[in-house]
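Below is one structure; the comments refer to it alone.
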Amino acid sequence: MTKQQLTISLLGTFHATLGEQNIPFRTDKIRALFAYLLLEANQPHRRDTLATLLWPNSDSSSARKNLRLSFFRMREAINKTADSPLANTLFHTSKQPIQMVPIDQLQVDALIFRAQLEQVRQHQHQNVHHCPACRTALQTAVSYYKGDLLSGFNLDDAEPFMEWLTVTREHLHQQALTAFDTLLDNLQHYAHDATLR
């Protein structure tokens, strides 16, 4: 049986599909939790921290209960859409931390965008304007930038999450502007060199 692609769009409006099917997350809090775990997958997250991030106005017990229910419903939506326990491989969980686990069939536009820019940053070249590999990576990166991170998304009762979203959104936006500028300079240098031949 061929594994279906799990495609998550975070740049622009939130969209999650498995193959051709939409994943029906019930609430914006679930979508927010999913997006946060995806973008912060480089480290495990304490449940208390996640509960406070999304339910800062609730007492500790209620916030943890809301987190448990949202996490359960998030996994349930993925597994029902996949008709398999896909979510069990997507998350590493224990009594405390929760962490997203990269899997081959997971494609997240924001993570691809970041990875392509990091490839350019780490590439050894004398001049980015004369590097075909970096030009290709930049073109790939900007092709994934369809809009600001979680465009139009707002959780009035989750200020810590919104603060994180604002900072992350602005950082990605600045990276996109720099990538567009670098790509434009790259293409102008390429065209100028071509006229000299």
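When a residue number appears, it is its place in the shown sequence, counting from 1.
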Would you compute the distance between atom [atom1] of [X] and atom [atom2] of [Y] and round it to the nearest 0.5 angstrom?
| X | Y | atom1 | atom2 | value |
| --- | --- | --- | --- | --- |
| S70 | K65 | OG | NZ | 12.0 Å |
| T27 | L54 | OG1 | CG | 9.5 Å |
| F153 | R169 | CZ | CZ | 9.5 Å |
| L165 | N154 | CG | CG | 8.5 Å |
| R64 | D48 | CZ | CG | 4.5 Å |
| H173 | L177 | NE2 | CG | 4.0 Å |

*What do you reckon, is CD of E20 surrounded by more than 12 foreign heavy atoms closer than 6.0 Å?*
no

_More than 12 heavy atoms from other groups under 6.0 Å of CD on E159_ = no

For residues [X] and [Y], report the shortest heavy-atom separation together with the two atoms involved.
| X | Y | result |
| --- | --- | --- |
| L67 | R47 | CD2-O, 3.2 Å |
| K29 | A158 | CE-CB, 4.2 Å |
| A35 | L150 | CB-CD1, 4.0 Å |
| L33 | M74 | CD2-CE, 4.1 Å |
| Q119 | A137 | NE2-CB, 3.9 Å |
| A133 | H123 | CB-CE1, 4.2 Å |

Main chain of [Y], side chain of [X]: is a donor-acceptor contact present, judged purely on distance under 3.5 Å?
| X | Y | result |
| --- | --- | --- |
| T89 | L86 | yes |
| T49 | H45 | no |
| R73 | F25 | no |
| D59 | S62 | yes |
| R46 | P97 | no |
| Q175 | R114 | no |
| Q105 | Q4 | yes |
| N79 | A87 | yes |
| H15 | T13 | no |

*Kindly write out the residues that satisfy ring-ring contact (aromatic ring centres under 6.0 Å, His included) with F161, not counting sequence neighbours, or none if the list is empty.*
W164

*Residues two or more places apart in sequence or in another chain: which of them pass ring-ring contact (aromatic ring centres under 6.0 Å, His included) with F72?*
none

*asked:* Could you go through R75 and T93, starting from their C-alpha distance and side-chain angles, then the distance that decides it, and tell me whether this counts as side chain to side chain contact (heavy atoms under 4.5 Å, CB included)?
replied: CA-CA 12 Å; R75 293 177 59 163; T93 59; 4.1 Å; yes

Do [X] and [Y] have side chains that approach each other closer than 4.5 Å (heavy atoms only, starting at C-beta)?
| X | Y | answer |
| --- | --- | --- |
| Q107 | L6 | no |
| Y145 | D109 | no |
| V101 | L90 | no |
| F91 | Q99 | no |
| L53 | Y36 | yes |
| I98 | P44 | no |
| D185 | F180 | no |

*Are F71 and I103 grouped together when hydrophobic residues (ILVMFWY) are joined by side-chain heavy atoms under 4.5 angstrom apart?*
yes

*Would you call the rings of F34 and F14 parallel, tilted or perpendicular, where under 30° means parallel and over 60° means perpendicular?*
perpendicular

*Given I8, which of T17, L106, L111 fulfils the side-chain contact (heavy atoms from CB on, under 4.5 Å) condition?*
L106

*Between D181 and T178, do the side chains contain an N or O donor and an N or O acceptor separated by less than 3.5 Å?*
no

*asked:* With side chain to side chain contact (heavy atoms under 4.5 Å, CB included) as the criterion, how do L183 and V142 come out once you've worked through the C-alpha distance, each side chain's angles and the decisive distance to 0.1 Å?
replied: CA-CA 9 Å; L183 185 58; V142 300; 3.9 Å; yes

_As a quick check of understanding, evaluate ring pair (Phe, Tyr, Trp, His ring centres under 6.0 Å) for F113 and Y144, giving each step before the final call._
CA-CA 6 Å; F113 173 79; Y144 279 95; 8.8 Å; no

*asked:* List the residues meeting side-chain contact (heavy atoms from CB on, under 4.5 Å) with T81, not counting sequence neighbours, and say none if there are none.
replied: L18, Q21, I23, P24

